[in-house]
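Data block below; observations after.
Positions are given from 1, in the same order as the sequence printed here.
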Amino acid sequence: MIFITVKFRVRPEHADAWPSITAAFTAATRAEPGNLWFDWSRSLDDPDEYVLVEAFRDDAGEAHVTSEHFKEAQRTLPQYLVETPRIVNVTVPQDDWSQLGEMAV
């Protein structure tokens, strides 16, 4: 799978509204056939930073970045950001989360 983590530094005046601002993009991405997950979290240390953790089947990455909702996000989301988002993008040989063996419950 393609595993992606992105950090978004949102302008302070838009930080509380970020989930609403990204709601349509989030819903459309989650509805993509190859999407495995697309989950937002807000930083505990910086209330203006959101972290997006997303994953796609290996063959779904291109469809995501060429989708109309992705193009719309490219056009509309930068105005709410302080800087260009930072990303880690890797391909891993699995298709779901693994259990953390060091903290088994």
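- Under the 3.5 Å distance criterion, the side-chain polar atoms of R9 are left unmatched by any main-chain donor or acceptor of R86.
- Taken to the nearest 0.5 Å, the CD1 atom of I2 stands 11.5 Å off from the CZ atom of R57.
- For the atom pair CD (E32) and NE2 (H64), the distance works out to 5.5 Å, reported to the nearest 0.5 Å.
- Put simply, the side chain of D58 gets close to the backbone of M1: a donor and an acceptor are under 3.5 Å apart.
- Within the model, atoms NE2 of H69 and OG1 of T76 stand 12.0 Å from one another, a figure rounded to the nearest 0.5 Å.
- Once rounded to the nearest 0.5 Å, the distance linking CZ of R42 with CG of D48 reads 7.0 Å.
- The shortest heavy-atom contact between A60 and G34 is CB-CA, 3.5 Å.
- By the salt bridge (Lys or Arg N to Asp or Glu O under 4.0 Å) test, E68 pairs with R75, sequence neighbours left out.
- Y80 and H14 have perpendicular rings, their planes meeting at more than 60° on a 0 to 90° scale where under 30° would count as parallel.
- For the pair L36/W97, no side-chain contact is recorded, criterion being any heavy-atom separation below 4.5 Å from C-beta on.
- With a 4.5 Å cut-off on side-chain heavy atoms, V10 and V82 do not count as touching.
- At least one side-chain heavy atom of V53 sits under 4.5 Å from a side-chain heavy atom of F3.
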Which pairs of donor and acceptor atoms, one on a side chain in residues 23-31, lie under 3.5 Å apart (sequence neighbours left out)?
residue: T26; atom: OG1; partner: T22; partner atom: O; Å: 2.9
residue: T26; atom: OG1; partner: W40; partner atom: NE1; Å: 2.8
residue: T29; atom: OG1; partner: F25; partner atom: O; Å: 2.9
residue: R30; atom: NE; partner: F38; partner atom: O; Å: 2.8
residue: R30; atom: NH2; partner: F38; partner atom: O; Å: 2.7

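- One finds the CD1 atom of I87 at 8.0 Å from the CZ atom of F8 (value rounded to the nearest 0.5 Å).
- Distance CG/D95 to CZ/F56: 15.0 Å, rounded to 0.5 Å.
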